[in-house]
Each structure stands twice: as C-alpha cells, then as structure tokens.
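Beneath this line is the structure, given in structure tokens, with notes to follow.
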Amino acid sequence: MNLLKQRILSDGQCLDNGTLKVDNFINHQMDPALMMAMAQEIANRFDNKGINKIVTIEASGIAPAILVGYLMQVPVVFAKKNVPSTMEHMISTPVFSFTKKRCYDVGISRNFLSADDHILFVDDFLANGNAAMGIIDIASKAGAQIAGMAFLIEKGFQNGRQKLLDMGIHIESLAIIKSLDNCTITFE
Ligand code: 5GP
C-alpha cells in the first residue's frame, strides 16, 4: 500500500535492533485518516471470506482492528495482556513480546470467542509471529477458525510469515519491509 510505504519512509525511524519506530503515526500519536485507509484496504482484501469477528491484542492492534470491524460490520475483541492464567472464563496463552523481550499471558474471555467464530486477526506488526501464534492457540482452544491475518507492517527479514504459512494461514500485510540494514528502509 503506497500511502503507508511513503509514510514509513518519511516518518519511520529504524532502531539498531531491527525495530521500526512508527510512534508518530501508529504506535503513540495516530493518524486517523491513514488508519482508516489501511482498515479499508484490509476490509477489501478479506471481503466475502465469511469473517464474523475481528481479534487483536492490546494495545497497538486495537485502533486498526476497531476500524476494520466497523467497516466489515462485525464485533472486535482484543486479547488482554497480563491476565492471570487462573482467571475464570479466560482462555489464555503465553506470548513472547518482541519489543519488551519478555513473556506475558494474553487472554480472551470464553464469552467472546466460540466455535461459531471465523476470525480475522489484525495487528500493527508481524515480526517473528509470536503474537499471531498466541492467537492461533487461543482460537484453537475456543474451537474458532482463523479465516486470515492482516498486518499493517510486516518485517520480511524475520520468520513470522513462514511460521504462519506453514500452518496454512492466509496473510495480508500492507507494507513488507525487506531490510532495515544500516538504518535504510527498503521494501519487498
Ligand atoms: P511478533 O509477535 O510477530 O514477533 O511481533 C509482533 C508484535 O511485536 C507486534 O504486536 C508489535 O507490537 C511488536 N513489534 C514487532 N516488531 C516491531 C517493530 O519493529 N516496531 C514496533 N513498533 N513494534 C514491533
């Protein structure tokens, strides 16, 4: 998606450890017009796929997810972080955080995810796929189907895509970064 790629080039900052900082339009300050355009693109790519629920993980996935849900007219559920694994009605799983470099439990209430659900997972980044794998685990415990996964930005030099493709997941990413080497952003 050209609009997003241009914005990454003009406002994104790369950090030494393979992290792209997009704090001024996605992760801290948000650009609602760009966010809506990205949500529209995701909704178009997953039109007619039988999706009846959008799932994301707090916090950065919530903004794109709620706009996709609005456009597709389906409910949006976000997995909560740091839920005690003993909490009643919660389906939880441990997820290793790429940015915080630690593991935490994420969970979704059984009240909001069931075997009737065909979900689209929406998140800001795909890196090593740990967040996505966590959602796959939660969905399978609920008996829900994963209809697809959409990411605003994918870092193609990490192995998340391969893990998800190996599981037969349909992935759409709006901008795929080939490399951040020498702090130069290049796209696939
Ligand atoms: P994964 O679980 O695929 O390894 O990493 C995805 C999660 O880590 C996303 O939810 C995102 O919040 C965070 N993340 C991974 N890489 C980056 C990055 O380069 N920049 C930012 N801002 N977040 C990232």
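Everything numeric here is computed off the predicted structure, so don't read it as measured data. We count ligands from 1, going down the list as the structure has it; atoms in each ligand are counted the same way.
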*asked:* Regarding D105 and K81, does a basic nitrogen lie under 4.0 Å from an acidic carboxylate oxygen?
replied: no

*Tell me which protein heavy atom sits closest to atom 22 (N) of ligand 1, plus the residue, atom name and distance to 0.1 Å.*
N27 OD1, 2.9 Å

*Atom indices of ligand 1, in the order listed, that fall short of 4.0 Å to a heavy atom of D123*: 9 (C), 10 (O)

*Which one holds for D124 and ligand 1: side chain close, backbone close, both close, or neither close, with close meaning a heavy atom under 4.0 Å?*
side chain

*Any side-chain donor paired with an acceptor under 3.5 Å for D124 and N27?*
yes

*Provide, to 0.1 Å, the distance between atom 4 (O) of ligand 1 and the closest protein heavy atom, together with that atom's residue and name.*
N128 N, 2.8 Å

*For G129, counting its heavy atoms only, list the atoms of ligand 1 lying under 4.0 Å from any of them.*
1 (P), 2 (O), 3 (O), 4 (O)

_Nearest-option assignment for atom 24 (C) of ligand 1, heavy atoms, candidates F125, F96, F151_ = F125

*Nearest protein heavy atom to atom 20 (N) of ligand 1, by residue and atom, and its distance?*
L20 O, 2.7 Å

*asked:* Please determine whether any non-hydrogen atom of G160 lies less than 4.0 Å from an atom of ligand 1.
replied: no

*Backbone or side chain, does any N or O of N130 fall under 3.5 Å from an N or O of ligand 1?*
yes

*asked:* Determine whether a donor-acceptor pair (N or O, by modelled atom type, separation under 3.5 Å) exists between the side chain of N52 and the backbone of H118.
replied: yes

*State whether F78 and K80 meet the cation-pi test: NZ (Lys) or CZ (Arg) under 6.0 Å from the six-membered ring centroid, and within 45° of the perpendicular axis.*
no

*Using a strict cut-off of 4.0 Å, indicate which atoms of ligand 1 neighbour a heavy atom of A131.*
2 (O)

_Distance-only polar pair, side chains of N17 and T19, donor-acceptor under 3.5 Å_ = yes

*Is the NZ or CZ atom of K178 both under 6.0 Å from the centre of the six-membered ring of F187 and within 45° of that ring's axis?*
no

*Donor + acceptor pair across side chains of N2, Q6 (<3.5 Å)*: no

*Return the residue, atom name and 0.1 Å-rounded distance of the protein heavy atom closest to atom 5 (O) of ligand 1.*
A127 CB, 3.5 Å

*State if K155 counts as touching ligand 1 under the rule of any non-hydrogen atom under 4.0 Å.*
yes

*Among all protein non-hydrogen atoms, which one is nearest to atom 13 (C) of ligand 1, and what is the separation to 0.1 Å?*
T99 CG2, 4.0 Å

*Return the set of residues passing ring-ring contact (aromatic ring centres under 6.0 Å, His included) with F46 (not counting sequence neighbours), or none when no residue passes.*
H170

*F98 to ligand 1: N or O pair under 3.5 Å?*
no

*Without swapping roles, check the side chain of K155 against the backbone of G18 for a donor-acceptor pair under 3.5 Å.*
yes

